[in-house]
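Note that the numbering runs from 1 along the sequence shown for the chain.
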Amino acid sequence: MGHGGNVISELTTDHREVDELFAQIEALPADDQDRRRLADQLTMELIRHSVAEEAYLYPTVRRYVDDGDDLADKELADHAEVERLLKELEGCEPGDGRFESLVTQLKASVTTHVADEEGHLFPALADVCSPEALEKLGEKVRSAKKTAPTRPHPSAPDTPPANKLLAPGAGMVDRVRDLLTGRGQNA
């Protein structure tokens, strides 16, 4: 969940972990119940990552990067699509054709989003922020991931200040639910 380093290093490491979770899901037979556990872990990672980006990365992009509003708006739209797919996936079981279809759609959306961030947004951010600012932003992102929700909440606000106020409470409720159900315990 937290890796250390500047914001770009932190988020890029998250991206590689998500790639690995997709690979693990795809490597298992369609009806293998371990795919559900991996899909839950994928959901948890993607939601924490998204909440942290929405709280700290995108406001910084809006403030300092040329055309930052357009970049941030596009990334937020990507997040909304991913969260919608995650919410649908939450109600599916391995072996159900819908599970397979949603994982495929989700991977395509996430892959496109990651390529855009790593190819455009991160370099633009690195051009306008000092190494010290990128380090501080990395610390804020790591901190946000610790209290972020672990389940999709598609109707929750995705921009400050509302997201910074509501995400920790939703995160606490999600972590209690996860504890009670054992979700994410075997990951």
Side-chain angles (χ1 to χ4, degrees), residues 1-58 71-72 74-123 125 138 141-142 144-146 148-154 156 158 167 170-171 174-175 177-178 181-187:
M1 180 170 31
H3 312 290
N6 71 38
V7 68
I8 295 169
S9 174
E10 178 74 21
L11 296 174
T12 300
T13 301
D14 285 353
H15 293 165
R16 298 298 80 78
E17 288 178 351
V18 165
D19 290 343
E20 178 58 29
L21 285 166
F22 276 119
Q24 289 176 34
I25 291 168
E26 292 171 334
L28 293 172
D31 61 347
D32 190 316
Q33 290 304 303
D34 211 27
R35 295 179 95 210
R36 176 75 265 161
R37 180 188 60 79
L38 290 167
D40 287 343
Q41 185 63 33
L42 176 70
T43 298
M44 295 166 91
E45 295 302 323
L46 285 170
I47 295 297
R48 287 190 286 237
H49 177 92
S50 294
V51 166
E53 285 184 336
E54 291 166 6
Y56 295 103
L57 178 66
Y58 301 147
L71 277 172
K74 188 223 176 286
E75 302 303 330
L76 287 170
D78 290 351
H79 282 196
E81 172 64 8
V82 166
E83 194 158 6
R84 183 190 67 74
L85 292 168
L86 289 170
K87 188 67 177 171
E88 282 188 57
L89 183 62
E90 197 174 48
C92 296
E93 290 299 322
D96 172 359
R98 190 78 184 121
F99 185 95
E100 192 67 35
S101 173
L102 287 167
V103 169
T104 300
Q105 291 174 57
L106 186 61
K107 183 178 179 183
S109 291
V110 169
T111 300
T112 300
H113 175 77
V114 165
D116 191 47
E117 276 190 347
E118 292 182 6
H120 300 101
L121 190 141
F122 291 170
L125 188 65
V141 162
R142 279 186 290 284
K145 287 194 292 185
K146 290 177 184 173
T150 61
R151 296 172 183 262
H153 298 277
D158 57 10
D174 286 354
R175 283 187 298 285
R177 284 180 66 198
D178 294 342
T181 63
R183 181 176 178 262
Q185 305 295 313
N186 298 333

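To the nearest 0.5 Å, atoms CD (Glu83) and CG (Asp78) are separated by 13.0 Å. Leu42 contributes atom CG, which lies 8.5 Å from atom CG of Leu38 (distance to the nearest 0.5 angstrom). Between Thr104 atom OG1 and Phe22 atom CZ the span is 9.5 Å, to the nearest 0.5 Å. Rounding to the nearest 0.5 angstrom, the gap separating the CG atom in Leu106 from the CG atom in Leu86 is 5.0 Å. Of the inter-residue distances, the one linking Leu85 atom CG with Leu89 atom CG reads 8.5 Å to the nearest 0.5 angstrom. A distance of 9.0 Å separates CG in Asn6 from CG in Leu11, rounded to the nearest 0.5 Å.
Judged by distance alone, the side chain of Arg35 and the main-chain N or O of Gly95 form no donor-acceptor pair under 3.5 Å. A donor-acceptor pair under 3.5 Å links the side-chain atoms of Thr111 to the main chain of Lys107, judged by distance alone. A donor-acceptor contact shorter than 3.5 Å is absent between the side chain of Arg36 and the backbone of Pro94.
Between Leu102 and Gln105 there is a side-chain heavy-atom pair separated by less than 4.5 Å. With a 4.5 Å cut-off on side-chain heavy atoms, Val114 and Val18 do not count as touching. Side-chain contact between Thr43 and Glu90 is absent, with no heavy-atom pair separated by less than 4.5 Å. Here the side chains of Lys145 and Asp14 are in contact, with some heavy-atom distance below 4.5 Å.
Residues passing the side-chain hydrogen bond (donor to acceptor under 3.5 Å, both in side chains) test with Arg98 are Glu88, sequence neighbours excluded.
A salt bridge is absent between Arg37 and Asp40; no separation between the charged side-chain nitrogens and carboxylate oxygens falls under 4.0 Å.
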Run the side chain to side chain contact (heavy atoms under 4.5 Å, CB included) test on His113 and Glu81 for me, step by step, so that the C-alpha distance in whole Å, both residues' side-chain angles and the decisive distance to 0.1 Å come before the verdict. CA-CA 10 Å; His113 175 77; Glu81 172 64 8; over 6 Å; no

Kindly determine whether Val82 and Val110 satisfy side chain to side chain contact (heavy atoms under 4.5 Å, CB included), including the steps that lead there. CA-CA 7 Å; Val82 166; Val110 169; 3.9 Å; yes

Run the side chain to side chain contact (heavy atoms under 4.5 Å, CB included) check on Glu53 and Glu117 step by step: do they pass? CA-CA 11 Å; Glu53 285 184 336; Glu117 276 190 347; 2.9 Å; yes

After noting the C-alpha distance and the side-chain angles of Phe99 and Glu93, does the key distance pass the side chain to side chain contact (heavy atoms under 4.5 Å, CB included) rule? CA-CA 6 Å; Phe99 185 95; Glu93 290 299 322; 5.7 Å; no

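Inspection of the Thr13 and Glu17 side chains reveals no N or O donor paired with an N or O acceptor under 3.5 Å.
Relative orientation of the His15 and Phe122 rings is parallel, given thresholds of 30° and 60° on the angle between their planes.
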